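First up is the structure itself, then whatever we jot down about it.
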2 protein chains.
Amino acid sequence: MRTRDENKVDLIYQKAIEMIVKEGLDGFGVNKLAKAAGVSPATIYIYYKDREDLIMQVTLRATNHMMEESMRDFDPEMSFEEGMKVQWRNRAKYFLEYPLETEFIEKMRYSRHYDKVFEQLHKIFKETMGRFHHNALNRKELLKLPFEVFWSVAFAPLYQLIKFHTQEGSWGHKKYTFSDESMQQTLSLVLKALKP
Amino acid sequence: MRTRDENKVDLIYQKAIEMIVKEGLDGFGVNKLAKAAGVSPATIYIYYKDREDLIMQVTLRATNHMMEESMRDFDPEMSFEEGMKVQWRNRAKYFLEYPLETEFIEKMRYSRHYDKVFEQLHKIFKETMGRFHHNALNRKELLKLPFEVFWSVAFAPLYQLIKFHTQEGSWGHKKYTFSDESMQQTLSLVLKALKP
DNA sequence: AAGATAAGTGAGCGTTCGCTCTTTTATGGA
DNA sequence: TCCATAAAAGAGCGAACGCTCACTTATCTT
């Protein structure tokens, strides 16, 4: 039998992300994607059941990738400060290396597909981060807080910084540029907030 | 001449938000909206130039409303802590009173329409908040930080809390519920981070 | 009461959409 | 070498899309 062309799959993946970031979920069409990737519409339906399935699978793949990168060299047994530094560094690195995927994931987080896609990912994820949270509490390196409050203070500022960086300069004349320096600065504020 | 039925405009506004929150920007159609609002498609084009213009205007109206509510009783000459409390209280109140609009605005913030719509709003907004930021710095009630870093730490956690509240319980078995208590708790962490 | 005017309608236009059918092409195993 | 098989293509289906036109309806002014 004829062998599957994996380049084609990757091209579809890449173009789909590109198109959704540029034109949004509306404005994203299967025929358009086929043309952009230089394949027949029918080919896309070999890999994906339908439009919905395509969006889901692409989102799942991108998110999985980001999660893996975020968790590199991370161990929930680490000290609170050490663990936070690793996570922030990893996320920032991923964002700088894969800006398109980052923007795509952020878009999808606010789409109606979020719940289904992220549910299974977060099962494993929350287990690890839950352990990390638990350990930090036990060692009294972290204030006693509900997990969601902890999370909101610990990571939301980083994502907002990334958003500032990504978006056009609507907030002033000179655009904000994400840097290791301002990341470190923000992280130190967050640690100050969360440590007893 | 026949008088304009303002109820009809408001109904279109309300149904559009409902539909976009439920089905996303894809899945939102003019014909569908017309049916949902019980008007003719042609009627919609009396008020709006085209689909894009409709999305823009609805987003603009919703965001304007949120901004007004956020700024109620706020004065950039307030002390830093007082100002932060007012802003957090106002935003939380708006969110609890208008959960649909809140979800809609958050969705739109991550759509491709964001830049155009929010640009003009943020001009006034950033002026006021810039003054507030500036005053707090002068009075040494706030650490010396770039505006974006300040903003990320000051408000992103609140929006993340709201997102936790809104979304389904993917993060665990028991769903997080936003409350005045956890808002106060989170705000106190944020103030701790930002004060010298 | 009647005319002027803008609000509002319903049918339907051309186009694009998601998707499939039939056919062709490439490759592994016999 | 050639057959079996799955990949891939291209044309095009019905449905839904954004949008418009010819027309009716309600309300103001006089």
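None of the values given here were measured: they were computed from a predicted structure. Because only heavy atoms are used, hydrogens play no part in the values below, and waters and symmetry mates are left out as well, while side chains stay in. Chain identifiers are assigned alphabetically (A, B, ...) following the order of the sequence lines, protein sequences preceding nucleic acid strands; residue numbering begins at 1 within each chain.
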**Report entry** Positional range of nucleotides in DNA chain D within the contact set of chain A, heavy-atom, under 4.0 Å
**Finding:**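 First-to-last contact on DNA chain D, by the 4.0 Å heavy-atom rule, is dA4(D) to dG10(D).
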Query raised in the report: Can you list the steps and then say if Lys107(A) with Leu25(A) is a side-chain contact (heavy atoms from CB on, under 4.5 Å)?
Result: CA-CA 9 Å; Lys107(A) 254 202 161 81; Leu25(A) 267 175; over 6 Å; no
Query raised in the report: Phe178(A) vs Tyr176(A) aromatic rings, parallel, tilted or perpendicular, using cut-offs 30° and 60°?
Result: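 Ring orientation, 0 to 90° scale: perpendicular.
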Report task. Select from Asp5(B) and Asn31(B) the residue whose nearest nucleotide in DNA chain C is closer to the 5' end of that strand. Result ->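 The residue closer to the strand's 5' end, by nearest nucleotide, is Asp5(B).
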Query raised in the report: Whole Å only: how far is the NZ atom of Lys35(A) from the P atom of dT16(C)?
Result: 10 Å
**Report entry** Heavy-atom side-chain proximity of Phe80(A) to Leu191(A) below 4.5 angstrom
**Finding:** yes
Query raised in the report: Say you draw a straight line from CG of Leu60(B) to CE of Met67(B); how long is it, rounded to the nearest 0.5 Å?
Result: 10.0 Å
Report task. Using a 3.5 Å limit on both pairing distances, list the dot-bracket string of DNA chain D from the 5' end; Watson-Crick and G-U wobble pairs count, crossing pairs take [ ], interstrand pairs take |. Result -> ||||||||||||||||||||||||||||||
Query raised in the report: Around atom CD of Glu181(B), are there more than 12 heavy atoms of other residues, nucleotides or ligands at under 6.0 Å?
Result: no
Requested in this report: Go through the structure and list residues passing ring pair (Phe, Tyr, Trp, His ring centres under 6.0 Å) with His113(A), not counting sequence neighbours.
Outcome: none
Query raised in the report: With Phe74(B), which residues qualify under ring pair (Phe, Tyr, Trp, His ring centres under 6.0 Å), at least two apart?
Result: Phe132(B)
Report summary line: Tested for ring-ring contact (aromatic ring centres under 6.0 Å, His included) against Tyr110(A), the lone hit among Tyr114(B), Phe104(B), Tyr110(B) is Tyr110(B)
Could you go through residues 3-11 of chain B and list every donor-acceptor pair under 3.5 Å that involves a side-chain atom there, pairing it with any protein atom two or more places apart or in another chain?
residue	atom	partner	partner atom	Å
Asp5(B)	OD1	Asn7(B)	N	3.1
Asp10(B)	OD1	Arg61(B)	NH1	3.4
Asp10(B)	OD1	Arg61(B)	NH2	3.1

Atom pairs, N/O to N/O, protein against nucleotides 27-30 of chain C, distance under 3.5 Å?
residue	atom	partner	partner atom	Å
dT27(C)	O2	Met1(A)	N	2.8
dT27(C)	O2	Met1(A)	O	3.1

